[in-house]
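Here is the structure we will look at, set down as structure tokens.
Here the structure is a predicted model, which means the values were calculated and not measured. Each chain gets a letter, A, B and so on, in the order the sequences are listed, and its residues count up from 1. Note that these values count all heavy atoms, side chains included, but never hydrogens, waters or copies made by symmetry.
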Amino acid sequence: MEGQSVEELLAKAERDEAEKLQRITVHKELELEFDLGNLLASDRNPPTGLRHAGPTQEAELRALARDNTQLLINQLWQLPTDRVEEALVARLPEPTTRLPREKPVPRPRPLTRWQQFARLKGIRPKKKTNLVWDEGSGQWRRRWGYQRARDDTKEWLIEVPGNADPMEDQFAKRIQAKKERVAKNELNRLRNLARAHKRQLPSAAGLHPTGHQSKEELGRAVQVAKVSTASVGRFQERLPKEKAPRVSGKKRKFQPLFGDFAAEKKSQLEMLRIMNSKKPQLDVTRATNKQMREEDQEEAAKRRKMSQKGKRKGGRQGPGGKRKGGPPSQGGTRKGGPPSQGGTRKGGPPSQGGKRKGGLGGKMNSGRPGLSGKRKGGQHQGGKRRK
Amino acid sequence: MRPLTEEETRVMFEKIAKYIGENLQLLVDRPDGTYCFRLHNERVYYVSEKILKLAANISGDKLVSLGTCFGKFTKTHRFRLHITALDYLAPYAKYKVWIKPGAEQSFLYGNHVLKSGLGRITENTSQYQGVVVYSMADIPLVGSHSIIKTTRTLCSFKT
């Protein structure tokens with residue numbers, strides 16, 4: 001029994017051994033191509049078992065994947081190894097496969113102003129030496145940078161030029177000039193960048209007070225000044241009727257649902273009052289139409305009088321007379337004139353309001369004593385006869 | 001649901017004022033109760049304070065409507081008046097147009113009203129004025145439109 005079991009064990013061990021070997025060694029007709037730098041294994045063998053696609057190919061695909069992975073791992077085990085912090089690491093060689101671009105090709109930048117100019121003039125960059133002989137120190141110094149050959153800033157004596165003010169500080173002037181040059185350079189660089197990205201530089205147009213600024217510039221300057229505080233303009237005082245600035249964050253803030261009803265009513269009435277006050281009291285069109293209407297009626301009445309003169313002896317004024325309602329008193333001066341405050345016109349005799357040409361029987365505007373009522377969206381076409 | 005902002009209130013008032021003019025303040029300031037405008041899902045509702053307090057207990061997504069819908073704000077923030085506002089606009093309308101029974105049906109189906117269909121008209125109605133249209137029985141019809149010709153020209157042609 002024991003012998004049998006020992007034999008069995010040995011046999012089993014042998015079988016396991018064979019299986020392992022089988023597992024490890026994979027037989028392929030064509031050798032795989034390895035790019036160990038990218039951990040890539042390319043299998044050129046024709047996939048004979050995979051001709052017919054279907055759900056049963058799963059097992060075969062899996063077997064193929066296992067085999068190829070095994071071969072790749074075998075290759076990895078043959079690489080030279082390192083020991084990095086208790087881990088055994090294989091040193092991968094350089095990748096041989098060239099991967100395609102991740103991002104698209106960068107488009108060519110537009111030339112800077114200098115480059116355009118140089119191209120135009122045919123100026124080529126002159127090759128300059130890095131080191132220059134410095135007389136003062138008697139050694140070769142670099143052209144620019146730390147301990148450069150000609151250093152303006154290290155001079156202890158500056159001669160005052162003939163035409164300059166003797167009280168001027170030449171050192172400060174030099175420093176100032178350098179700052180200006182640096183700033184100009186920076187500005188040009190930013191301009192070139194903006195041109196390259198087709199964007200506008202944030203202009204400081206209105207921010208330096210000159211006294212000749214436009215309204216927009218001043219507005220912008222005010223906005224910028226408001227926001228240029230430590231709290232980015234959050235606690236700045238506002239003028240009495242100035243609106244709160246628009247919240248630039250994502251969430252809008254609204255009034256609460258049950259706010260103060262009285263206050264809401266008040267603000268709405270105030271808004272209505274302003275809306276009504278903005279409309280002109282006198283509507284030029286209506287005034288001129290009215291004027292023309294009066295004139296028409298006058299003429300009609302005159303004509304009727306003429307025709308009736310033959311019939312009646314006494315100059316009995318027919319119904320046309322009543323309709324006249326007096327000479328056009330203030331209307332005469334109003335024709336086509338600019339719309340002024342309607343106070344003078346509204347106080348006219350109420351009978352003028354009731355004049356109508358034909359008996360239309362339309363509903364009279366009850367609560368309106370005046371003539372030209374308030375017009376919504378007044379159209380200021382003075383003097384045009386409306387048919 | 002929220003109150004209207006300044007801008008929205010202004011736009012809405014301008015639209016409503018085309019039809020009822022300064023009588024709008026009678027809508028805002030009523031003697032018989034506090035009524036207010038509230039915005040819910042881009043629609044403006046005219047609702048009394050009492051109903052508003054009750055409606056506040058309903059969650060926004062379940063709330064369909066409250067009070068009277070006056071109109072809605074479109075995507076570009078213009079205000080469109082709805083017919084449900086007619087009950088409130090009609091009594092305060094400044095310029096009214098009465099149309100004859102024959103033209104009434106035609107008008108309700110969307111056609112224009114011709115001079116022949118016009119019964120009465122408020123005097124001094126100017127061109128392109130917003131009006132409320134009534135039937136001869138003084139029922140406001142669904143339609144507050146603007147008129148094309150002034151009262152003067154209309155009555156000069158009338159017999």
Point to revise | Minimal non-hydrogen separation, A:P256 against B:P3, with atom names | key: O-CG, 3.3 Å
Revision key, fill the gap. Contact list (residues 54-70 of chain B to chain A, heavy-atom gap under 4.5 Å, by number) returns B:A56
Exercise for review: Ignoring hydrogens and angles, tell me if any N or O in the side chain of B:R38 forms a donor-acceptor pair with the backbone of A:L257 under 3.5 Å.
Suggested key: yes
Practice item. Using non-hydrogen atoms and a 4.5 Å limit, figure out which bit of B:F37 sits close to chain A: side chain, backbone, both or neither. Key: both
Practice item. Sort B:T5 into side chain, backbone, both or neither according to what part of it lies under 4.5 angstrom from a heavy atom of chain A. Key: side chain
Measure the [atom1]-[atom2] distance between [X] and [Y] for me, rounded to the nearest 0.5 Å.
| X | Y | atom1 | atom2 | result |
| --- | --- | --- | --- | --- |
| B:E8 | A:F254 | CD | CZ | 7.0 Å |
| A:I274 | B:F13 | CD1 | CZ | 12.0 Å |
| B:Q25 | A:E270 | CD | CD | 12.0 Å |
| B:L27 | A:Q268 | CG | CD | 10.5 Å |

Review point. Is any side-chain heavy atom of B:E22 less than 4.5 Å from a side-chain heavy atom of A:M275?
Key: no
Point to revise | Minimum side-chain heavy-atom gap A:M271-B:R10 below 4.5 Å | key: yes
Review point. Residues two or more places apart in sequence or in another chain: which of them pass side chain to side chain contact (heavy atoms under 4.5 Å, CB included) with B:E49?
Key: A:F261, B:T34, B:K53
Practice item. Tell me, please, which residues at least two apart from A:E299 pass side chain to side chain contact (heavy atoms under 4.5 Å, CB included). Key: A:R303
Review point. Does any heavy atom of chain B fall under 4.5 Å from the side chain of A:Q255, the backbone, both, or neither of them?
Key: both
Point to revise | B:R80 atom CZ, neighbour heavy-atom count above 12 within 6.0 Å | key: no
Check your understanding: Has B:R30 got more than 12 heavy atoms of other residues, nucleotides or ligands less than 6.0 Å from its CZ?
Key -> yes
Review point. Going by the side-chain hydrogen bond (donor to acceptor under 3.5 Å, both in side chains) test, which pairs reach into residues 221-235 of chain A, not counting sequence neighbours?
Key: A:K226-A:E242
**Study point:** Most contacts with chain A, counted as non-hydrogen pairs under 4.5 angstrom, among B:R2, B:M1, B:E6
**Key:** B:R2
